[in-house]
Each structure stands twice: as structure tokens, then as C-alpha cells.
2 protein chains.
Amino acid sequence: MAAHQVTIKDIAKILGISASTVSRALKDHPDISPKTKKMVQAFAEKVQYRPNALALNLRRSKTNTIGIILPEIVHHFFSSVLAGIDKIAYAAGYNVMICQSSEDYDREVSDAQALLDNRVDGVLMSLSKTTHQYDHIRNLIDHGVPVVFFDRAPEEIEADKVIIDDFTGSKIATHHLIAIGCKKILHLAGPQHLSIGQRRKEGYIAALEENGFSYNPEYIIKCDTRDEVFANAGKILKMANEIDGIFAVNDSTAIAAMQVLLKNDIRIPEHISVIGFGDGPNATIAYPPLSTVEQKGIEMGQEAVKLLIKHIESENEIHANETKILTPVLRIRESTTK
Amino acid sequence: MAAHQVTIKDIAKILGISASTVSRALKDHPDISPKTKKMVQAFAEKVQYRPNALALNLRRSKTNTIGIILPEIVHHFFSSVLAGIDKIAYAAGYNVMICQSSEDYDREVSDAQALLDNRVDGVLMSLSKTTHQYDHIRNLIDHGVPVVFFDRAPEEIEADKVIIDDFTGSKIATHHLIAIGCKKILHLAGPQHLSIGQRRKEGYIAALEENGFSYNPEYIIKCDTRDEVFANAGKILKMANEIDGIFAVNDSTAIAAMQVLLKNDIRIPEHISVIGFGDGPNATIAYPPLSTVEQKGIEMGQEAVKLLIKHIESENEIHANETKILTPVLRIRESTTK
DNA sequence: AACGACACCGCAAACGTTTGCGGTGTCGTT
DNA sequence: AACGACACCGCAAACGTTTGCGGTGTCGTT
């Protein structure tokens, strides 16, 4: 056991011909006689010859591998994106190499370097929350590695991007709250240096203004994780008498907020209506089922990897950067059904 | 732009020395004079030289890459395992190449082949539900690729394995139901050709017998996904009058069952107590919060990759296969708190 | 008889590294 | 003067492929 894999050289030696002939016979090159081809192909089949991908990669300096850098694997949205990527990549004959930055800038930088060292054909990437500069990304691009961003994309970098229309999405969500009668809406917001956090806040503000409501900065709290909700529970409960609606930047924040409110006998949606953003499986499992804005991770992954493969395989044609914007859809459930 | 990466040859040519000297200077080999070392190292630093991983891999036929084959990425348990793997692997200097079989045997076979072609140093794997034969795995092992299974492992294959003690886990869960007064307990079971499904059923049966209950085969339904619960809703509701407890093979099945029961005005836990298996974030979000058996995905991933790395780096010492059994812990929540 | 056309195959270099081995040059010692 | 010890460096082969180029052999044609 631990048998070494049979190589072209092995076949050549055993069959008494040169490695070049074996190589050509295997790929049906016209220079090789039918008799030799048959012999080589039959023998290769018999010994289960498989080309060594390492050698191929080195030769053509192409690896048929796509690198992925994302903030967290254990996160329903990102793992759906992964699933979408994987499906298309597999069908197109690419492998995927995955790195998670764990929302850490330094890790993101070293991941980018590792992918470059391994000569991946392209990189799919979503920024970590702690990333404020982009030299590691420019480094990839300067070395000819195509980069496509999904979800969290930097405005400063020219590249293909697949994002959802966060502005419109949160505008729709806020409009919905207003439509069912909410007048004082709290926004649990994401970090403002990520366009995603910023856009969602802007959509919220725009919806208020379109409805002639004055926008109250006190009704915006930076709070975008379950833990932050619990940390800010006092603050939120103190406002609970004033407000009648909450729009949270993501579902798990919305759900945690609902749990805090329910525990303090504040009824949802009768007292406060709540809407989230994302539509993972949690939304349907939550109590009450959470209204939210659907953010199709699988579709985002598929679109991103399609753009990347197109870029990779278009070789040296000039490449015009594309930004694909997915339009979000409102999913109304019981948390906003009075 | 699209600048090609600088190589040892480039450095050698520019500095007017041989590639061998550059190579040795970079790794501080004693044969090289301090002056040359300084010169090479300074220059390499300046031009940001990075070794080409492809060439290194070919040379030492080692890739510093770990292959992973798992059924689904979009699944909280598996994505936590991934996160656990990634953390340890990254710290140890390994990259990870991930393939999802999507519960499809053919895909699993071709994934295994792809990992072999890419000469990964080892494989971490959890079987798909449709895998009933193991030649693709034997093929890996026969070619000297260490394989470590996690969670879903075949009994027929000799290899390192990290599993949880499914038998004890479900025995504990069933005992708990009995302890709070349940006498007729329905088991929503997993597929019986996977040891995981089988063991959990056996634990359920053992708990019944230890308490002197007769075991009723009609109280076992093959049903281990949300969709299957909805498909079997009629059957389950028909039994709802007789039974007073449900032990489901996993959390999402348990939660779907609770939703079906609640919709038909059957109260939980007053009328029927429900317990699951897994303890993902869904359990705390469910209504009522779901009692379950904790199955630490992150820890499982970490243990599995540690075993694998140990195997990889022990080289040619004889390797005794280990099976690591993680002990599950009961998490009591409101779904079983009368 | 000589030449061209064609079929078929192998040499060698290349991708970017590493490393055993041998070679040169400079000392100090006898 | 000759030798040994040592420092320092380069050649060449190797990992497993691919591919341009050239080479040989067999025809048929004139």
C-alpha cells in the first residue's frame, strides 16, 4: 500500500516508448499511430492513470482553483453563498479553496497572500468588518488575479461586484412598517464604514423622509449582533414605550430584539412591529415568525462565480468591470401582521 | 499590471548568481557567505519575492492542503465543523480545499478523485446519505492519503474517526423525557444504513427498555428533515392523541414537528414534550426553546483535523487508527419543562 | 535513382523549486 | 613547496507534465 501514483514516465518505461508519445497518445494527438494510441490508452485505463494536477498546474500556471475569502463560515447567509459558488464552480471544473477571515483584517491579508502563493485562478471575496485598507486586494489584482466581490464590497476598488440593493431593501422594509401604522421606528444599524451598513441606514432614512417623518438620530443604535442586542437591552427597553417599530440590519439582531422585548412582556407585533433583513431559516423558526427582506445567498454566490469564471476565461481581452445588483423582496410574516 | 511574480531565477539573473545560491541564501544555508545572504535577502524583500507554491508542491509532492468532503455546507452543524477545522488548519499552516457532496454518492466519488489528483496531504470526510460502498475511500487510503472521518463514518473502513456517542446521547434524551413523565414517545428517525441514524434509534430503544417500557415499532417513523415532517404531518397528527413525547433525530426535525403540532393547537410541552439532537442556534430561537443534546461541531472539527495532522506529520511511523468519541450533553429548555 | 510527401516518434527545454555533489579559491601548516 | 582544511558557489538532475522541433522510415512518383 501507499502505492505511488503511476505517471506518464512509468507508462513510457513499461511500454518502451517516450513520455512525449504517451502524453500525445492520451490526448489523441494526430501525430500518433492508431496502434500506439490504443496500446497507451488501454494500458493507462488498466493502471488507472490520472494526470498529476500539481505538474499540470506548474506547467500552465493555471490551477483550476478559485479562492474564496469570507468573514465567517458559520453564518447562514455566507454558507449559502458558498453553496451557490460550489455548485457552479464544480460544474465548470473548478476546485474551491476557502479561507475565513473571522472578521480579522490581518487574517484577511494573509489569506490573500496564501491564495496568491497558490496561484488560484481568481478570488471571490467578501470584506471583513475590520478591513479599512485594501493593499492586499490591489496586490492580487496587480498580479493578474481577477477578483469579484460579493455582499461586502469596497467602493475604492475597481472590480466586479455582486451586491444586493441594500438601500432599496431597507427602504421597502421601512415603508412596510409605516404602511402598517408605525410612526416611531428604531433602527438597529450595522457598522457605518461598510457600505452595507451605511446603505441600509440610508434606505431607512429615505423611507422616513418620503413619508414626511422627521428623522431622529436617537432612533439609530449601532447594534448588529445578538450579543450587542443583549448588551444594549437596557437602552432598547427604555425606548420601548416610545417606539412602535424596529427595523434591524439583519435577522439575528431582529430576533434577539424580539426575545428581549417578549421577556419584558412587550407584545409583538401588537405593541412593537419588528422587521429584519436577510431571510435565513431563523426567520421562519423565530417566534413570532419574522418579517424580513429576502437576500438570496445562493443566487449571489452563483452570480459572483459566474462573473469570475467569465473573467478568468476571457483571457487577455479587455475586461470591463460589472456590478450586479440583486433586488431584494419583502417577506411578510407575523412579526408585522397586526 | 498583471505583472508576473518574481522567481528565484529572476533574482539569480539580476544578481548575477545561480538559482541554487539564491535558494540557499533565502533559507539561511551555512554554505552561503554572509555577504551574499544579505544581498539576496535584501533584494528578495525589496521585490517582495514569494516562493511559488505550485513548484514547491511538485518538488516535495506535498501540498500543505487538507481536502474536506462533507454533505452540505448550508447546515449549521457542518459549517461549525468547517469553522473548527479551518481554525486549527490555518494555525498549523495548512490550506483547506472543500467539496460538498450534496448527499450524492457520485459527487462524493468524483470529489475524492479530485482531491487525490490534487495530491492533498490528507482528507477529512463525512459520508453522504446515499453512500453505500467505499471503493473511492479505499482508493485514497491505498494511495497513501490519510483519511479521518467525522460524524458520519463507515464501520467497514479502518481509519481515524471522530464521532459523538450517539447511542448515549439519545439514551440521555429519552431518559429525560421519561423522567418528566412521558410514557409514549415517538421517535423521528434518521436513515438506518448510517450508523448515526441506527445508534440514535438504539439509544432510544435502550432507554425505553431500561425503564421497563415495551418498545413499539409503530412509534418509530423514518423522518429526518423539515420537508419530511410536513410530508408526514398527517401521520404524526393522527398519533398526537396517543403520544406524550417526541424524540427527533435532529433539531430541525424537532422544530418542524413543534410547528406542525402548535398549528393544530397541541401545546408544548403541556401536551407533548419535544426534544431534539444537535443544539444549533435554531434551538434557542425556536418556540418554545428546544431541549436538545449538544453536539459540538467546532470541537469535532478541531479534533478531526488534529488527528489528521498528527497522521500526516508522523510520516512513516506505523499508524494506529484512533476513534475519538465526544460525549454529548443534555440541554434542557422549555420544550420539556412542564 | 532520386526526390518529396507523409506518418510517426523522441529530444530537449520549460514551468519554479531544491539539493547532492563536485569544483575553485584562499588560507595556514609542515 | 605541497598539502589539507575550509568557505563558498554552481551544475545538473529531479518532481510530472507539455510541446516545438527535428529526425527517421516508408511510400509513391517522376
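By convention in this document, chain letters (A, B, ...) are assigned in the order of the sequence lines, proteins followed by strands, and residues within each chain are numbered from 1.
The two residues B:N64 and B:R60 make their nearest non-hydrogen contact at ND2-NH1, 4.3 Å. Heavy atoms only, all atoms of each residue included: A:Q100 and A:R107 are closest at O-CZ, 3.2 Å. Across all their heavy atoms, B:A25 and B:Q41 have their closest contact at O-NE2, 3.0 Å.
A straight line from NZ of B:K9 to P of C:dT18 spans 13 Å, rounded to a whole angstrom. A straight line from CG of B:D10 to P of C:dT17 spans 8 Å, rounded to a whole angstrom. Residue B:H143 contributes atom NE2, which lies 13 Å from atom P of D:dG16 at whole-angstrom precision. One atom, NE2 of B:H29, and another, C1' of D:dA7, lie 12 Å apart when rounded to the nearest Å. To the nearest angstrom, P of C:dA14 lies 21 Å from CG of A:N57. Protein atom CG of B:L26 is 13 Å distant from nucleotide atom C1' of C:dG16, rounded to whole Å. We find that NZ of B:K13 is positioned 13 Å from P of C:dT17, with the value rounded to whole Å. With rounding to whole Å, B:D117 atom CG is found 19 Å from D:dC15 atom P.
When Watson-Crick and G-U wobble pairs are counted only if both distances are under 3.5 Å, C:dT24 pairs with D:dA7. The base-pairing partner of D:dA14, taking Watson-Crick or G-U wobble contacts with both distances under 3.5 Å, is C:dT17. If you check D:dT29 for Watson-Crick or wobble pairing at under 3.5 angstrom, you find it paired to C:dA2.
For D:dT17, one of the phosphate oxygens OP1 or OP2 lies less than 4.0 angstrom from a side-chain nitrogen or oxygen of A:Y49. Look at B:T21 and you won't find any side-chain N or O under 4.0 angstrom from OP1 or OP2 of D:dC9. Using a 4.0 Å cut-off, some side-chain N or O of A:K27 falls inside it from OP1 or OP2 of D:dT18. For the OP1/OP2 pair of C:dG16 and a distance below 4.0 Å, the side-chain nitrogens and oxygens of B:T7 include no atom meeting the criterion.
Considering only the side chain of B:R59, D:dA14 comes nearest among C:dC15, D:dG20, D:dA14.
At the heavy-atom level, B:L56 lies under 4.0 Å from the strands shown only through sugar-phosphate atoms. Here B:R60 lies out of heavy-atom contact (under 4.0 Å) with every strand. Counting any heavy atom pair closer than 4.0 Å across all strands shown, B:S61 reaches no nucleic acid atom. Among the protein residues, A:L58 comes within range of the nucleic acid bases, having at least one heavy atom under 4.0 Å from a base atom. Within 4.0 Å (heavy atoms only), A:S23 reaches at least one base atom of the nucleic acid. Within the 4.0 angstrom heavy-atom criterion, no nucleotide atom of any strand lies near A:L54.
Annotation: B:K87, atom NZ; neighbour count of heavy atoms from other residues, nucleotides and ligands within 6.0 Å does not exceed 12. Remark: A:E45 CD is loosely packed, at most 12 non-hydrogen atoms of other residues, nucleotides or ligands lying under 6.0 Å away. Heavy atoms of other residues, nucleotides or ligands lying less than 6.0 angstrom from CD of A:Q48 number 12 at most.
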_Run the side-chain hydrogen bond (donor to acceptor under 3.5 Å, both in side chains) test on A:D111 and A:H136 for me, step by step, so that the C-alpha distance in whole Å, both residues' side-chain angles and the decisive distance to 0.1 Å come before the verdict._
CA-CA 9 Å; A:D111 284 341; A:H136 55 306; over 6 Å; no
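The aromatic rings of A:H193 and A:H132 sit tilted relative to each other, their planes meeting at an angle between 30° and 60°.
Only B:D31, B:I32, B:S33, B:P34, B:T36, listed by number, bring a heavy atom of residues 30-42 of chain B to less than 4.0 angstrom from any atom of DNA chain D.
Judged by atom type and distance alone, A:R24 reaches the base of C:dG10 through a side-chain donor-acceptor pair under 3.5 Å.
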